[in-house]
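Below is one structure, written out as structure tokens; the observations come after it.
Since the structure is predicted, the reported quantities are computational estimates derived from the model, not experimental observations.
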Amino acid sequence: MAKQGSVVWSELMTTEVKKAKAFYGKTLGLTFQAFDPSGEGNYWVAMAGGESVWGLMDMTSRPGSPMGWFTYLAVDDVDARVAEAVAVGGKLLAPVFDVPSVGRIAIVQDPAGAVIGWMKPAPVMASSPV
């Protein structure tokens, strides 16, 4: 498992998927592979040299949601860490959920208002959700 508290995944949330793919494809040489565990068809994995490096989520169906980069930190036990966070003034912003072959995820807000994802990566994830 990744070290506790280390960045394990990032994703770009945008309504401008074509522009994002073109920009990062041309400037960083990335390609994009569809990844669709939800069946919504709104997620791609940025690939560099055959390895996944970050995700791209189409937010068109979620009006009013913030656009930008979102980060996930590695945790050893999502449920236990969420309970600890709530006990010291944090908030769980949505029910904890599992993404097959990716891991168990919580979206939390710290007492200062910052929002972050916590993830216990699935054993098969290693460094990639695909």
Side-chain angles (χ1 to χ4, degrees):
M1 184 187 121
K3 289 184 181 180
Q4 180 87 348
S6 66
V7 174
V8 67
W9 191 249
S10 291
E11 57 195 16
L12 174 59
M13 299 182 296
T14 182
T15 56
E16 300 288 343
V17 171
K18 287 182 184 179
K19 288 181 182 178
K21 285 180 179 180
F23 177 80
Y24 291 104
K26 288 182 190 276
T27 60
L28 301 177
L30 302 175
T31 59
F32 295 86
Q33 179 179 340
F35 180 70
D36 193 19
S38 68
E40 296 177 18
N42 66 348
Y43 202 88
W44 292 265
V45 175
M47 306 293 290
E51 293 185 30
S52 59
V53 290
W54 50 267
L56 175 63
M57 182 181 289
D58 184 349
M59 299 297 284
T60 306
S61 65
R62 299 177 188 183
S65 294
M67 301 298 116
W69 286 93
F70 192 75
T71 300
Y72 296 85
L73 302 178
V75 297
D76 57 354
D77 182 328
V78 172
D79 300 279
R81 296 298 175 182
V82 166
E84 291 171 358
V86 171
V88 296
K91 294 180 183 174
L92 177 63
L93 298 181
V96 174
F97 60 97
D98 295 292
V99 177
S101 79
V102 173
R104 187 155 179 79
I105 298 171
I107 308 300
V108 298
Q109 184 176 43
D110 70 24
V115 177
I116 190 81
W118 286 353
M119 178 192 304
K120 179 175 183 180
V124 295
M125 182 182 171
S127 64
S128 163
V130 293

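- Under a 3.5 Å cut-off, the side chain of S6 and the backbone N or O of A2 do not form any donor-acceptor pair.
- Taking each heavy atom of L92 and I107 in turn, the nearest pair found is CD1-O, 3.6 Å.
- By the 4.5 Å heavy-atom criterion applied to side chains, F32 and L56 are counted as neighbours.
- Not counting sequence neighbours, A22 has no partner by the side-chain contact (heavy atoms from CB on, under 4.5 Å) test.
- By the rule that hydrophobic residues join a cluster once side-chain heavy atoms approach within less than 4.5 Å of another member, L30 and W69 end up as members of one cluster.
- The distance from atom CZ of R62 to atom CE of M57, rounded to the nearest 0.5 Å, is 5.0 Å.
- The nearest pair of heavy atoms linking F23 to T27 is O-OG1, 2.7 Å.
- Comment: K91 does not engage D110 in a salt bridge, judged by the lack of any side-chain N to carboxylate O separation of less than 4.0 angstrom.
- Hydrophobic clustering (side-chain heavy atoms under 4.5 Å, transitive across Ile, Leu, Val, Met, Phe, Trp, Tyr) keeps V88 apart from I116.
- Judged by distance alone, the side chain of E16 and the main-chain N or O of A20 form no donor-acceptor pair under 3.5 Å.
- Looking at every heavy atom in both residues, S101 comes nearest to A122 through C-CB, 3.8 Å.
- Scanning all heavy atoms of the two residues, the minimum distance from T15 to D58 falls at CA-OD1, 4.3 Å.
- Residues satisfying the side chain to side chain donor-acceptor pair (under 3.5 Å) criterion with Y72, sequence neighbours excluded, are E11.
- The minimum heavy-atom distance linking M119 with V78 is given by the pair C-CG2, 4.2 Å.
- Note: Y24 and W54 meet the aromatic proximity criterion, with ring centroids under 6.0 Å apart.
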**Request:** Could you check V102 against W9 for side-chain contact (heavy atoms from CB on, under 4.5 Å), going step by step and ending with a plain yes or no?
**Result:** CA-CA 10 Å; V102 173; W9 191 249; over 6 Å; no
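- The pair D77-R104 does not count as a salt bridge, with every side-chain nitrogen at least 4.0 angstrom from each carboxylate oxygen.
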**Request:** Evaluate the side-chain contact (heavy atoms from CB on, under 4.5 Å) criterion for residues L12 and F70: first the C-alpha distance (whole Å), next the side-chain angles of each, then the deciding distance (0.1 Å), finally the verdict.
**Result:** CA-CA 6 Å; L12 174 59; F70 192 75; over 6 Å; no
**side-chain contact (heavy atoms from CB on, under 4.5 Å) evaluation trace for M47 with V53** = CA-CA 6 Å; M47 306 293 290; V53 290; over 6 Å; no
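- Here the closest heavy-atom approach between residue W118 and residue R81 is recorded as CZ3-O, 3.3 Å.
- Distance check, rounded to the nearest 0.5 Å: NZ of K120 to CG of D79 gives 10.0 Å.
- Two residues are said to be in side-chain contact when any heavy atoms from C-beta on lie closer than 4.5 Å; I105 and V99 meet this criterion.
- Counting heavy atoms from C-beta outward, V108 and L93 have side chains that stay 4.5 Å or more apart.
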